[in-house]
K.L.:
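Okay, here's the structure, questions in a sec.
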Amino acid sequence: MARNITPRKENYSQWYLDVIKAAELADYAPVRGCMVIRPTGYAVWENLQAKFDAAFKATGHVNAYFPLLIPYSFLNKEAEHVEGFSPECATVTHAGGEELEEPFAVRPTSETIIGHMYSKWIQSWRDLPVLINQWCNVMRWEKRPRLFLRTSEFLWQEGHTAHETEQEAREETLRMLGVYKKIMEEEAALPVIAGEKTKGERFPGAVDTYTCEAMMSDARALQAGTSHFLGQNFARAFEIQYQNREGELAYCWTTSWGVSTRLIGALIMTHSDDDGLILPPRIAPVKAVILPISKDENTAENIILPKAKELAQKLDDELGGLCVKVDTDFHARPGDRFFAHLQKGVPLRLELGEKDLASGTVRLVRRDTGEKLDVNNDNVIPTVKKLLADIQNNLYERAKTFREANTHDAKTYDELKEIIDKQGGFVRAYFGGTPEDEVRIREETGATPRCVLPGNDKGKCIITGQDNARLTIFAKAY
RNA sequence: CGGGACGUAGCGCAGUCUGGCUUAGCGCAUCUGCAUGGGGUGCAGGGGGUCGGAGGUUCGAAUCCUCUCGUCCCGACCA
């Protein structure tokens, strides 16, 4: 249907890029791996940001800002951390026309510099917990960039907390994982599985890493957000010590957690179709668009437009403002205007023409299903509210149904191989192997352990044959 | 980082092998006018590129050579 978008079945990667281009979400920057987030894409990010930020504040966190440049030596203080990040770290070696004595790292993440500051700020158990979040950009020099999913520079949020006890820090890690899951599911309509990462997939420097794992519409997995229990690793590396209630010096227990603009990639690949972008109403910058239609421009402008504006105002009042757009591009033909909004993923289209005025109705068209409804003027506002809620719900349910239909169980390693090879999707299997086993599985199947399911479901490991292995999801991932 | 493909107007392409035959062409989009108008309308007229960038070969380069930047696909690598 859309002539500027490659059908999903034909070439998934191309489809993804075409949707981004058609919806004007982002464009390539002149620097390899970097992108420009265009106003529409940025508006989506702002909406996501607003939801997460409110949830962070509600759980007692405050925002702050730490610098972009980090003394490179800081990264070296945590062995696993530097090993994990140095390959993708950009460094600044010159400034002011001179070579620097010590290079700066452009932050790939901020555990180190925040750890450094925390060691200065934290003296006593009375200073704890410290619950700080920052919204910023980070840079990771990726070999193979893809818009939103893996760009050299991206926007994200990183929460960094320090606690008095291990239990408190562990609770924080899981609390934020829960916050992520809730917002992803309720606001972004992305069904996710919240679970633990295996050893091989852990964040460099973490004791435990948790993830919200989503399935894209090609049945591949996408890590949508992570939360890390850092134990005392960074506290020891940066001497984040405090005097405890007994008057002794003790190391803090820290956590970190983040979600990024990658979520926009997840939204695209979860909800959109061959006509272009589909956005869940709760995070769509424009929730509904009203199109005044008439073959006579004068009628459109002087009779229909005022009514459209009036309706938009009423809807805005009901929906919380600035969410309804009136399309005043009378010169363009209706078909062109439909497609423009279709591709940009506006959840609901309201058509208001002479026929509607005569019959006292408005035509409503859903983006997710294409369903059309003629609704009496009196019922427009409640119907719009209902439809937006329905669309939100439908997108979530649709994605969840797809995920469930593409999730299979494997009793043996051979079965796992077979399913990954023939059907793809998520494969549940008991796994208790080592990181070396994970590497071997990846090499032999292309799949990686995405997440260990919560709960006490245990069984015989498909690799080692040992009992008590935890139920783990394997999949090919982005 | 290895293998492959590619970079010519906003988008998609032809021309590149066999340098001059083009003031660099085509489709879509765009602009103007008229008609049209509820899922991509029709006719007419117009605007826009110096061929990713730098250097070289040549009387002459979008076309040949060297370097460089970027994109896509596969692989390696990677929260």
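Throughout, protein chains are lettered first and strands after them, A, B, ... in sequence-line order, and every chain is numbered starting at 1.
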K.L.:
Have a look at A:Arg442 and say if it touches a base, only the backbone sugar-phosphate, or nothing, with a 4.0 Å heavy-atom cut-off.
P.N.:
sugar-phosphate
K.L.:
Please name the nucleotide paired to B:U57 by Watson-Crick or G-U wobble geometry with both distances under 3.5 Å, or report none.
P.N.:
none
K.L.:
For the pair made of CZ in A:Arg349 and C1' in B:G40, what is the distance, rounded to whole Å?
P.N.:
12 Å
K.L.:
Is there a donor and acceptor pair, one atom on the side chain of A:Glu201 and one on the base of B:A79, closer than 3.5 Å?
P.N.:
no
K.L.:
Apply side-chain contact (heavy atoms from CB on, under 4.5 Å) to the pair A:Glu88 and A:Met139, showing each step before the final yes or no.
P.N.:
CA-CA 8 Å; A:Glu88 47 191 276; A:Met139 179 160 276; over 6 Å; no
K.L.:
Counting distance only, does the side-chain N/O of A:Thr59 pair as donor-acceptor with the main-chain N or O of A:Ala55 below 3.5 Å?
P.N.:
yes
K.L.:
Could you check which of B:C1, B:G40, B:G39 has an atom nearest any side-chain atom of A:Lys143?
P.N.:
B:C1
K.L.:
Under a 3.5 Å cut-off for both distances, is B:G45 Watson-Crick or wobble paired, and to whom?
P.N.:
B:C31
K.L.:
Quantified in whole Å, what is the C1' atom distance between nucleotide B:C78 and nucleotide B:G39?
P.N.:
43 Å
K.L.:
Determine, using ring centers only, whether A:Trp45 and A:Trp135 are less than 6.0 Å apart.
P.N.:
yes
K.L.:
Using the P atom as the point on both nucleotides, what is the distance between B:U68 and B:G2, in whole Å?
P.N.:
11 Å
K.L.:
Tell me the interatomic distance from A:Glu371, atom CD, to B:G39, atom C1', rounded to whole angstroms.
P.N.:
16 Å
K.L.:
Does the structure show a Watson-Crick or G-U wobble partner for B:G40, both distances under 3.5 Å? Name it, or say none.
P.N.:
none
K.L.:
Are A:Tyr118 and A:His160 an aromatic pair by the rule of ring centers under 6.0 Å?
P.N.:
no
K.L.:
Picking from B:A79, B:C77, B:G40, which would you name as closest to the side chain of A:Pro204?
P.N.:
B:A79
K.L.:
Taking the basic N atoms (NZ, or NE/NH1/NH2) and the acidic carboxylate oxygens, is any pair closer than 4.0 Å for A:Lys21 and A:Asp18?
P.N.:
no
K.L.:
In whole Å, what separates the P atom of B:G25 from that of B:U50?
P.N.:
13 Å
K.L.:
Sort me out a list of protein N/O and nucleotides 3-14 of chain B N/O pairs below 3.5 Å, or just none if empty.
P.N.:
none

K.L.:
N/O contacts under 3.5 Å, protein versus nucleotides 46-49 of chain B?
P.N.:
none

K.L.:
Please determine whether a side-chain nitrogen of the Lys or Arg among A:Glu351 and A:Arg349 lies less than 4.0 Å from a carboxylate oxygen of the Asp or Glu.
P.N.:
yes
K.L.:
Is any NZ, NE, NH1 or NH2 atom of the basic residue among A:Asp374 and A:Lys355 found under 4.0 Å from an Asp or Glu carboxylate oxygen of the other?
P.N.:
no
K.L.:
For nucleotides 36-38 of chain B, give me every protein contact, N/O to N/O, under 3.5 Å, one pair per line with atom names.
P.N.:
residue	atom	partner	partner atom	Å
B:G37	N7	A:Lys295	O	3.0
B:G37	O6	A:Lys295	O	2.6
B:G37	N2	A:Phe330	O	2.9
B:G37	N2	A:Ala332	O	3.2
B:G38	O6	A:Glu354	N	3.4
B:G38	O6	A:Lys355	N	2.9
B:G38	O6	A:Asp356	N	3.4
B:G38	O6	A:Asp356	OD2	2.9
B:G38	N1	A:Asp356	OD1	3.4
B:G38	N1	A:Asp356	OD2	2.2
B:G38	N2	A:Glu351	OE1	3.1
B:G38	N2	A:Asp356	OD2	3.2
B:G38	N3	A:Glu351	OE1	3.2

K.L.:
Is the A:Phe74 to A:His116 ring centre distance short of 6.0 Å?
P.N.:
yes
K.L.:
CD of A:Glu142 versus C1' of B:A79: gap in Å, rounded?
P.N.:
9 Å
K.L.:
Starting from C1' on B:C77, measure out to CZ on A:Arg140 and report it in whole angstrom.
P.N.:
15 Å
K.L.:
On RNA chain B, compare the nucleotides closest to A:Ala477 and A:Ala340; which residue's is nearer the 5' end?
P.N.:
A:Ala340
K.L.:
To the nearest angstrom, how far is A:Asp273 atom CG from B:G39 atom C1'?
P.N.:
14 Å
K.L.:
Send over the distance from A:Leu291 CG to B:G39 P, rounded to a whole Å.
P.N.:
11 Å
K.L.:
Hey, does the side-chain of A:Arg202 have a donor or acceptor N/O within less than 3.5 Å of a partner on the base of B:A79?
P.N.:
no
K.L.:
Please give the distance between the P atoms of B:C13 and B:C72 as a whole number of Å.
P.N.:
14 Å
K.L.:
Near RNA chain B, which residues from residues 65-94 of chain A have a heavy atom under 4.0 Å away?
P.N.:
A:Gly84, A:Glu88
K.L.:
Any salt bridge between A:Lys182 and A:Glu187, counting N to O under 4.0 Å?
P.N.:
no
K.L.:
A side-chain contact here means heavy atoms from C-beta on lying under 4.5 Å apart; do A:Pro347 and A:Leu388 qualify?
P.N.:
yes
K.L.:
Which residue pairs pass the side chain to side chain donor-acceptor pair (under 3.5 Å) test with at least one member in residues 375-386 of chain A, sequence neighbours excluded?
P.N.:
A:Glu318-A:Lys385, A:Lys386-A:Asp390
K.L.:
Output the rounded distance in Å from CG (A:Asp208) to C1' (B:A79).
P.N.:
14 Å
K.L.:
Counting only Watson-Crick pairs (N1-N3 plus N6-O4 or O6-N4) and G-U wobbles (N1-O2, O6-N3), all under 3.5 Å, who is the partner of B:G19?
P.N.:
none
K.L.:
Does some side-chain heavy atom of A:Leu25 sit less than 4.5 Å from a side-chain heavy atom of A:Arg38?
P.N.:
no
K.L.:
Using atom C1' of each nucleotide, how far apart are B:C51 and B:G40 to the nearest Å?
P.N.:
31 Å
K.L.:
Is A:Glu438 paired with A:Arg442 through a side-chain N to carboxylate O contact shorter than 4.0 Å?
P.N.:
no
K.L.:
Does A:Tyr413 reach the side chain of A:Thr445, with side-chain heavy atoms less than 4.5 Å apart?
P.N.:
yes
K.L.:
For nucleotides B:G38 and B:G12, find the distance between their C1' atoms and express it as a whole number of Å.
P.N.:
30 Å
K.L.:
Salt bridge or not between A:Arg440 and A:Glu444? Use side-chain N to carboxylate O under 4.0 Å.
P.N.:
yes
K.L.:
Going by an N to O cut-off under 4.0 Å, is there a salt bridge joining A:Arg202 and A:Glu196?
P.N.:
no
K.L.:
Just to verify, which of A:Thr109, A:Thr211, A:Asp208 counts as forming a side-chain contact (heavy atoms from CB on, under 4.5 Å) with A:Phe203?
P.N.:
A:Thr109
K.L.:
A:Leu149 versus A:Tyr16: any side-chain heavy-atom pair under 4.5 Å?
P.N.:
yes
K.L.:
Taking the same atom, C1', in B:C65 and in B:U57, what whole-Å distance lies between them?
P.N.:
7 Å
K.L.:
Which pairs, protein N/O on one side and nucleotides 66-73 of chain B N/O on the other, fall under 3.5 Å?
P.N.:
residue	atom	partner	partner atom	Å
B:G70	OP1	A:Arg32	N	3.3
B:U71	OP1	A:Gly33	N	2.9
B:U71	OP2	A:Arg32	NH1	3.1
B:U71	O3'	A:Tyr28	OH	3.4
B:C72	OP1	A:Tyr28	OH	2.9
B:C73	OP1	A:Ser13	OG	3.3

K.L.:
For the pair made of NZ in A:Lys197 and P in B:C78, what is the distance, rounded to whole Å?
P.N.:
14 Å
K.L.:
Across all strands, who's sitting opposite B:C6 as a Watson-Crick or G-U wobble pair, both distances under 3.5 Å?
P.N.:
B:G70
K.L.:
Could you check if a side-chain atom of A:Phe238 sits within less than 4.5 angstrom of a side-chain atom of A:Glu111, using non-hydrogen atoms only?
P.N.:
no
K.L.:
Expressed as a whole number of Å, how far does the C1' atom of B:G42 sit from that of B:G4?
P.N.:
45 Å
